[in-house]
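Take a look at the structure below.
Computed from heavy atoms alone, side chains included, the values below leave out hydrogens, waters and symmetry copies.
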Amino acid sequence: MKNSFLRLNDALYRSCIWIAGLSILTMTLIIPWGIFARYVLGTGSSWPEPVAILLMVVFAFIGAAASYRAGAHMAVAMVTDRLPPAQRKAAALLVQLLMLLVCVFMTWYGYKLCATTWKQFLATLPSVRVGLTYAPIPIGGAVTLMFVLEKLILGDQSHRQVMRFDVVEEHEGAA
């Protein structure tokens, strides 16, 4: 059961990395196209800016989930680093429980937001539903929730090979 859960989370992590990476890559292609179309061709397209914003939302919420699992998120540890070990452990547990609440909130209310706005369409992209633009919120919340549960049940997994790019780089340099 433990190995299946870890493999599932490894696959979720890889998916998050790919989705976030493709979002950023697509944004870096769309924005220059919008600038080129406006200033060189003289025909500004209306779609590059809203699509880039939607991709940034995908990047932020899905990338944040991957960042959380890898332990690469921002943390202010100035106070907790000065605590005795028992209190440090209690503070870490409190942080994970608060993260659990935030993820449940994001998932539940993000879903409700998507459902409420599903029948509306974007003015700048008439074929895209407003509810779809909010979908990264509950999806990112649910994926992060999986990673929080993993950390609560199995401990920190940021050492797993799927998240260790420095190990791959060391082996590539030796070749």
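- Residues Cys16 and Ala66 approach most closely at CB-CB, 3.8 Å, considering heavy atoms.
- Looking only at side-chain heavy atoms (C-beta outward), His73 and Thr144 stay at 4.5 Å or farther from each other.
- Residue Phe61 is not grouped with residue Val143 when hydrophobic side chains (ILVMFWY) are merged at heavy-atom distances under 4.5 angstrom, including chains of intermediate members.
- Within the model, atoms CE of Met106 and CG of Leu145 stand 10.0 Å from one another, a figure rounded to the nearest 0.5 Å.
- Across Ala52 and Met27, no two heavy atoms sit closer than the pair O-SD, 3.6 Å.
- Surrounding CZ of Phe105 are at most 12 heavy atoms belonging to other residues, nucleotides or ligands under 6.0 Å away.
- The distance from atom CG of Asn3 to atom CG of Leu8, rounded to the nearest 0.5 Å, is 12.5 Å.
- Remark: side-chain polar atoms of Thr107 are paired, donor with acceptor, to backbone N or O of Ala142 under 3.5 angstrom.
- For the pair Val162/Arg7, no side-chain contact is recorded, criterion being any heavy-atom separation below 4.5 Å from C-beta on.
- Enclosure of atom CE in Met146 by more than 12 non-hydrogen atoms of other residues, nucleotides or ligands within 6.0 angstrom is indicated.
- A donor-acceptor pair is defined here as one N or O able to donate and one able to accept, closer than 3.5 Å; no such pair exists between the side chain of Ser67 and the backbone of Gly63.
- A distance of 15.0 Å separates OH of Tyr111 from CD1 of Ile137, quoted to the nearest 0.5 Å.
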(message) Evaluate Ser23 against Ile62 for side chain to side chain contact (heavy atoms under 4.5 Å, CB included), listing each step before the verdict.
(response) CA-CA 10 Å; Ser23 295; Ile62 304 302; over 6 Å; no
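- Hydrophobic clustering, with ILVMFWY side chains joined whenever heavy atoms are under 4.5 angstrom apart, groups Leu93 together with Val104.
- Here the CG-OG1 distance, from Leu94 to Thr80, works out to 11.0 Å after rounding to the nearest 0.5 Å.
- Leu55 contributes atom CG, which lies 9.0 Å from atom CD1 of Ile31 (distance to the nearest 0.5 angstrom).
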(message) Go through it in stages, so that I can follow the logic: the residues are Ile19 and Phe59, the test is side chain to side chain contact (heavy atoms under 4.5 Å, CB included), and I'd like the CA-CA distance, side-chain angles, deciding distance and then a yes or no.
(response) CA-CA 7 Å; Ile19 291 167; Phe59 170 75; over 6 Å; no
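- Shortest non-hydrogen contact noted between Ala135 and Pro138 is O-CD, 3.1 Å.
- Judged by distance alone, the side chain of Arg82 and the main-chain N or O of Met78 form a donor-acceptor pair under 3.5 Å.
- Looking at Ser46 and Thr124, their side chains never come closer than 4.5 Å, going by heavy atoms from C-beta outward.
- Ala70 and Tyr13 make their closest contact through CB-OH, 3.8 Å (heavy atoms, listed as atom of the first residue, atom of the second, distance).
- Atom CZ of Arg160 sits about 8.5 Å away from atom CG of Asn9, to the nearest 0.5 Å.
- Annotation: side chain of Leu154 is not in contact with side chain of Leu149 (no heavy-atom distance under 4.5 Å).
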(message) Go through it in stages, so that I can follow the logic: the residues are Leu125 and Val51, the test is side chain to side chain contact (heavy atoms under 4.5 Å, CB included), and I'd like the CA-CA distance, side-chain angles, deciding distance and then a yes or no.
(response) CA-CA 8 Å; Leu125 297 169; Val51 170; 3.8 Å; yes
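- No continuous path of hydrophobic side-chain contacts links Leu22 to Leu54 [ILVMFWY only; heavy atoms under 4.5 Å].
- Side-chain atoms of Val148 and Val102, non-hydrogen and from C-beta on, never get closer than 4.5 Å to each other.
- Inter-residue side-chain proximity for Pro50 and Leu122 is flagged as unmet; no heavy-atom pair is nearer than 4.5 Å.
- Within 6.0 Å of atom CH2 in Trp47, more than 12 heavy atoms from other residues, nucleotides or ligands are found, so the atom counts as buried in its surroundings.
- For Thr28 (side chain) and Leu25 (main-chain N/O), a donor-acceptor pair under 3.5 Å exists by modelled atom type.
- Val57 is not listed as a side-chain neighbour of Thr133, based on a closest heavy-atom distance of 4.5 Å or more.
- Among all heavy-atom pairs drawn from Cys103 and Gly141, the shortest one is CB-O, 3.6 Å.
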(request) Please test Leu41 against Trp33 for side chain to side chain contact (heavy atoms under 4.5 Å, CB included), starting from the C-alpha separation and ending with a verdict. (result) CA-CA 10 Å; Leu41 301 178; Trp33 167 254; 3.9 Å; yes
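- A 6.0 Å sphere centred on CD of Gln120 holds more than 12 heavy atoms belonging to other residues, nucleotides or ligands.
- Side-chain contact between Phe147 and Gln157 is absent, with no heavy-atom pair separated by less than 4.5 Å.
- Both Tyr68 and Leu12 are assigned to one and the same hydrophobic cluster, defined by single-linkage of ILVMFWY side chains at heavy-atom distances under 4.5 Å.
- Cluster annotation: Val58 is not connected to Trp18 through the hydrophobic network of ILVMFWY side chains, with a link wherever side-chain heavy atoms come within less than 4.5 Å.
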